[in-house]
Amino acid sequence: LAKKTRQTSIVFEARLEQRSANRLELIAQLRKAITDNEFCLFFQPKLNLRTNSINQAEVLLRWNHPVHGLIAPGAFIELAEQTGMIRDITRLVLKQTYAIITLCANQNIRLSVNLSAMDLEDFSLIDFMQTLHKQQPDASRHIVLEITESAAMRDPEQALDILNQLAAMHFQIAVDDFGTGYSSLAYLKRFPVTELKIDRSLVQGADLDTDGQIILESTIEMGHIMGLLVTTEGVETQSEYELVKKLGADYVQGFWLSKPMPFDEFKLKHLVGNHD
Ligand code: C2E
Ligand code: CA
Ligand code: CA
Ligand code: CA
């Protein structure tokens, strides 16, 4: 199924880029997808290298398109951001994540949700999250919000304001895709961040390349010096896994461990019997 999904999404993406008329068509379809909630969530496990256990996962969005089947976010997230539809999508993802946390009451589980740049400029998102938070005050402790540096740096003061309000509700904040784009450590230090997710471009092949290994090692060290938990993303091979473990990463995520999967599968494989 995973292979088929990926192919469908790649074909769909290529077609979208070829015909500009498709952009309008896609906008209409995406609008309908939001109204009818054609989205579902996939979960990619994270391995805790300290305890050698799995109780965390990243929430990854899929569009269950009526014609094309499951589509990965690469095919529509950018358009959702350009059109502002991402605001509604983020709310759907958060709502579904809250529902999952409710299902997992008393379980030791933590889910990471991706926020987009626009979410860090959206003060009404805070109201939305306050409402969820009031209904379920304990849920936020089970949720990590992933932001990228470039998103936070579009308007750092505003992002800081929003992130401080989210941290006050006990959400944890992770910096995603670290090592891509520009890094402003001065600002990063001011943000209420608890986790650094090192991008797969720094991880992949680092086992075969001395310079790459030095860069990865110093990035992990820097995260630790700043008091952050460090996740290495995109670990695909046993040898990459052994390297990041040796270099002291706290968590590992990647196809070496597991591809993203539907919640029922994640639950069966990793959550059964895993109580607080
Ligand atoms: P990301 O946040 O960096 O998420 C990790 C992506 O890398 C996922 O792709 C995941 O399937 C893929 N991946 C994980 N392990 C490996 C590996 O070992 N090798 C390789 N080559 N890839 C790996 P996915 O699910 O297609 O998502 C792509 C991007 O779309 C995400 O990148 C994130 O930026 C965005 N995204 C996903 N879900 C959401 C969402 O709910 N909201 C928003 N705003 N963005 C989302
Ligand atoms: Ca992410
Ligand atoms: Ca990432
Ligand atoms: Ca990303």
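By convention here, the first residue in the shown sequence is residue 1. From a predicted model like this one, the values you see are computed outputs, not experimental measurements. Just so you know, ligand 1 is whichever comes first in the structure, and atom 1 is the first atom listed for that ligand.
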Asks: Between the side chains of T148 and D177, does any donor sit under 3.5 Å from an acceptor?
Replies: no
Asks: I need the atoms of ligand 1 closer than 4.0 Å to a non-hydrogen atom of I77, numbered in the order shown.
Replies: 43 (C), 45 (N)
Asks: Yes or no: does R62 have any heavy atom under 4.0 Å from an atom of ligand 1?
Replies: yes
Asks: Are any of the N/O atoms on T90, whether in the backbone or the side chain, positioned under 3.5 angstrom from an N/O atom of ligand 1?
Replies: no
Asks: Please name the atom of E233, limited to N, O or S, that comes nearest to the Ca ion (ligand 3).
Replies: OE1
Asks: With a 3.5 Å distance limit and no angle check, can you tell me whether D199 reaches the backbone of L202 through a side-chain donor-acceptor pair?
Replies: no
Asks: Return yes if a side-chain donor-acceptor contact under 3.5 Å exists between E240 and W256, otherwise no.
Replies: no
Asks: Test question: given the 4.5 Å side-chain rule for I, L, V, M, F, W and Y, name all other residues clustered with Y251, or answer none.
Replies: L229
Asks: Could you identify the N, O or S atom of D177 positioned closest to the Ca ion (ligand 3)?
Replies: OD1
Asks: Quick check: does D177 get an N/O under 3.5 Å from an N/O on ligand 1?
Replies: yes
Asks: Is there a continuous path of hydrophobic side-chain contacts, each under 4.5 Å between heavy atoms, that joins I89 to F123?
Replies: yes
Asks: Classify the ring geometry of F266 against F43: parallel below 30°, tilted from 30° to 60°, perpendicular beyond 60°.
Replies: parallel
Asks: Any N/O/S atom, backbone or side chain, of N114 lying under 3.0 Å from the Ca ion (ligand 2)?
Replies: yes
Asks: For atom 46 (C) of ligand 1, tell me which residue out of L115, T97, N114, L94 has the closest non-hydrogen atom.
Replies: N114
Asks: Can you name the N, O or S atom of D176 that is closest to the Ca ion (ligand 2)?
Replies: OD2
Asks: Could a heavy atom of K197 be found less than 4.0 Å from some atom of ligand 1?
Replies: no
Asks: Counting only heavy atoms, tell me which of P260, A151, P73, S258 gets closest to atom 28 (C) of ligand 1.
Replies: P73
Asks: Under the criterion side chain to side chain donor-acceptor pair (under 3.5 Å), I'd like the reasoning laid out for T180 against R200: C-alpha separation, chi angles, the key distance, then a yes or no.
Replies: CA-CA 9 Å; T180 63; R200 67 167 180 261; over 6 Å; no
Asks: How does D119 reach ligand 1, by side chain, by backbone, by both or by neither, if only non-hydrogen atoms under 4.0 Å count?
Replies: neither
Asks: Give the atom numbers and elements of ligand 1 that come within less than 4.0 Å of a heavy atom of E236.
Replies: 17 (C), 18 (O), 19 (N), 20 (C), 21 (N)
Asks: Between OE1 of E146 and OE2 of E58, what angle is found at the Ca ion (ligand 2), rounded to 10 degrees?
Replies: 90°
Asks: One pair to check against side chain to side chain donor-acceptor pair (under 3.5 Å): N55 and Q107. What are the steps and the verdict?
Replies: CA-CA 9 Å; N55 63 357; Q107 258 175 334; over 6 Å; no
Asks: Look at the side-chain heavy atoms of Ile, Leu, Val, Met, Phe, Trp and Tyr, link any pair under 4.5 Å apart, and say whether L166 and V144 land in one connected group.
Replies: no
Asks: Output the list of atoms in ligand 1 that are nearer than 4.0 Å to some heavy atom of S116, sorted by atom number.
Replies: 44 (N)
Asks: Test side-chain contact (heavy atoms from CB on, under 4.5 Å) on C40 and L70; report intermediate values, then the result.
Replies: CA-CA 9 Å; C40 62; L70 280 183; 3.8 Å; yes
Asks: For atom 40 (C) of ligand 1, which of L61, T237, I89 has the closest heavy atom?
Replies: L61
Asks: For ligand 1, indicate whether the residue D176 contacts it via side chain, backbone, both or neither (heavy-atom separation under 4.0 Å).
Replies: side chain
Asks: Under a 3.5 Å cutoff, is there a donor and acceptor pairing between the side chains of E236 and Q204?
Replies: yes
Asks: Would F255 count as a polar contact of ligand 1, with the cut-off being nitrogen or oxygen pairs under 3.5 Å?
Replies: yes
Asks: Answer with side chain, backbone, both or neither: which part of I86 has a heavy atom less than 4.0 angstrom from an atom of ligand 1?
Replies: side chain
Asks: Can you tell which of Q56, K197, K46 makes a side-chain hydrogen bond (donor to acceptor under 3.5 Å, both in side chains) with Q253?
Replies: K197
Asks: Can you tell which part of Q44 has a heavy atom less than 4.0 Å from ligand 1: side chain, backbone, both or neither?
Replies: side chain
Asks: Taking atom 6 (C) of ligand 1 as the point of reference, which of E240, Q253, E146, R200 owns the nearest heavy atom?
Replies: R200
Asks: What atoms in ligand 1 come closer than 4.0 Å to a heavy atom of Q204?
Replies: 19 (N)
Asks: Side chains of L196 and M226: closer than 4.5 Å at any heavy-atom pair?
Replies: no
